[in-house]
Number of protein chains: 2
Amino acid sequence: MIDEGKFHTQEMTNRLEQDIREKFRRSGYTLTSQRRAVLEALRDTRGHPSAEDIYLLVKKKNPRVALGTVYQALSVLEEIGVIGSKHWAESPTRYDLNTEPHLDIRCRRCGEVAEIPGVELGNLEAQIQENTPYSVSSTTLVVEGLCPTCQKE
Amino acid sequence: MIDEGKFHTQEMTNRLEQDIREKFRRSGYTLTSQRRAVLEALRDTRGHPSAEDIYLLVKKKNPRVALGTVYQALSVLEEIGVIGSKHWAESPTRYDLNTEPHLDIRCRRCGEVAEIPGVELGNLEAQIQENTPYSVSSTTLVVEGLCPTCQKE
DNA sequence: TCTGAATCAGGAACTGTTATTGATTGACGA
DNA sequence: TCGTCAATCAATAACAGTTCCTGATTCAGA
Ligand SMILES: [Mn+2]
Ligand SMILES: [Mn+2]
Ligand SMILES: [Zn+2]
Ligand SMILES: [Zn+2]
């Protein structure tokens with residue numbers, strides 16, 4: 001009998017698995033089955049799902065989870081640096097397994113998010129800091145547009 | 001007796017007044033007393049108030065206005081290009097009489113917004129468009145930090 | 001002055017998210 | 001292998017910001 005209750009897959013037992021375990025160990029949080037399931041949902045979509053998207057995916061395997069639990073798990077996962085998140089105005093926050101600094105663009109029409117490689121921001125942060133008495137702590141580029149599919153319509 | 005019911009001030013009767021009238025005329029919307037009051041509140045704060053801020057200011061002169069009316073007015077004013085708006089995650093949208101493209105920074109602690117002059121974005125938009133199949137329609141720089149006052153604490 | 005359309009105030013509804021609750025779990029030591 | 005107790009859980013209420021809906025009022029144009 002397969003131990004489905006723990007949402008364990010072979011995919012999770014790779015080199016990243018150790019990294020994730022280590023981050024949990026260091027943080028003091030425990031790697032629960034729900035947190036694992038959220039991580040897997042994120043891995044399966046291979047995209048930039050919202051909390052709701054993830055909730056629906058997790059529910060397929062475990063119909064008992066609550067949306068609040070997903071939000072809780074996401075916040076822990078983000079806190080310990082396993083995932084990242086981005087926010088576009090007037091739409092829910094999107095989560096991302098890619099925690100490196102990078103650009104994402106969101107389609108105004110269908111909401112799909114895609115990564116934009118190869119953009120050089122240069123000394124933008126420094127330039128901003130030079131021109132304000134505030135101490136700058138974050139500068140985020142929020143990019144929106146129309147995805148190829150939506151352009152055709 | 002002063003015609004306070006219409007929220008008319010001398011300040012409103014300047015060169016910008018004609019511009020605003022023209023924009024209303026062209027749009028087909030009417031310049032109602034509430035819309036005028038919202039515009040004046042924005043002018044008086046000289047900053048980047050939220051809808052709620054504006055609502056409270058407008059209520060001082062006309063206690064009968066509803067928050068919904070302020071939102072309605074703001075949306076019309078933005079649509080016809082009289083005002084602009086910016087959104088920082090996890091805080092209400094801020095409105096601005098400055099409709100020119102420019103950078104604003106928001107204090108993480110007290111919420112104060114200030115403008116950042118003199119930053120050159122260069123060919124950033126073009127660079128982004130070159131690196132994505134999406135058609136880019138907007139790239140907004142969301143800048144956050146600590147204002148001088150909050151840095152001291 | 002009349003009339004239809006625009007606008008209004010007030011409040012309900014909505015979305016995304018966080019906080020609260022009391023029940024359950026599961027890590028760790030004996 | 002237990003027992004203990006903090007951590008975590010599901011469920012649901014509360015929340016903030018905003019939009020939508022309704023019926024009443026206003027107001028521009030004929
Ligand atoms: Mn990404
Ligand atoms: Mn500004
Ligand atoms: Zn699209
Ligand atoms: Zn501050």
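Computed from heavy atoms alone, side chains included, the values below leave out hydrogens, waters and symmetry copies. Each chain gets a letter, A, B and so on, in the order the sequences are listed, and its residues count up from 1.
No side-chain heavy atom of Tyr95(B) sits under 4.5 Å from any side-chain heavy atom of Asp53(B). Proximity of Arg106(B) to Ser91(B): side-chain heavy atoms (C-beta onward) are separated by under 4.5 Å at one or more points. The shortest distance between side-chain heavy atoms of Leu39(A) and Ile83(A) falls below 4.5 Å. Side-chain contact between Val82(A) and Asp19(A): absent, with no pair of heavy atoms (C-beta onward) separated by less than 4.5 Å. Here the side chains of Tyr71(B) and Val38(B) are not in contact, with every heavy-atom distance at 4.5 Å or above.
Here the side chain of Arg64(B) is nearest to one of dT18(D), dG10(C), dA11(D), namely dG10(C).
Taking a cutoff of 4.0 Å between a charged side-chain nitrogen and a carboxylate oxygen, Arg26(B) and Glu22(B) qualify as a salt bridge.
When rounded to the nearest whole Å, the span between CG of Leu67(A) and C1' of dT17(C) equals 9 Å. Spacing between atom CZ of Arg94(B) and atom C1' of dT18(D) amounts to 16 Å, rounded to whole angstrom units. Nucleotide dC9(D) holds its C1' atom 16 Å from the NZ atom of Lys59(A), rounded to whole Å. In this structure, OH of Tyr55(A) is placed 15 Å from P of dT17(C), rounded to the nearest angstrom. For His87(B) and dG16(C), the NE2 to P distance is 12 Å, given to the nearest whole Å. Distance, Glu79(A) CD to dT8(D) P: 11 Å, rounded to whole Å. Separating the CG atom of Asn62(B) from the C1' atom of dG10(C) is a distance of 14 Å, rounded to the nearest angstrom. Between the P atom of dG29(D) and the CZ atom of Arg25(B) lies a distance of 11 Å, rounded to the nearest Å.
Residue contacts for Ser50(A): at a heavy-atom cut-off of 4.0 Å it reaches no nucleic acid atom on any strand shown. Contact annotation for Thr69(A): base contact, defined as any heavy-atom pair under 4.0 Å involving a base atom. Residue Ser91(A) is out of contact with every strand shown, counting any heavy-atom pair closer than 4.0 Å.
Distances shorter than 4.0 Å separate some side-chain N or O of Thr30(B) from OP1 or OP2 on dT7(C). Look at Thr32(B) and you won't find any side-chain N or O under 4.0 angstrom from OP1 or OP2 of dC27(D). Considering only side-chain N and O atoms, Gln34(A) lies under 4.0 angstrom from the phosphate OP1 or OP2 of dC9(D). At the phosphate of dT7(C), OP1 or OP2 sits under 4.0 Å from a side-chain N or O atom of Arg35(B).
Atom CG in Leu124(A) sits 7.5 Å away from atom CG in Leu141(A) (nearest 0.5 Å).
Results of the side-chain hydrogen bond (donor to acceptor under 3.5 Å, both in side chains) test with Tyr134(A) over Glu112(B), Arg108(B), Glu144(B), Gln151(B) single out Glu112(B) as the only residue that passes.
The terminal axes of the helix from dT1(C)-dA30(D) to dA30(C)-dT1(D), fitted over 5 pairs per end, subtend an angle of 30° to the nearest 10°.
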TODO: Could you please spell out the steps behind the side chain to side chain donor-acceptor pair (under 3.5 Å) verdict for Thr69(B) and Gln34(B)?
DONE: CA-CA 8 Å; Thr69(B) 305; Gln34(B) 286 82 352; over 6 Å; no
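The residue among Pro63(A) and Thr93(B) whose nearest nucleotide of DNA chain D lies closer to the 5′ end is Pro63(A).
Applying the 6.0 Å contact sphere to CD of Glu90(B) captures no more than 12 heavy atoms from other residues, nucleotides or ligands.
For residues 70-77 of chain B, proximity to DNA chain C is found at Gln72(B), defined as any non-hydrogen atom under 4.0 angstrom from a strand atom.
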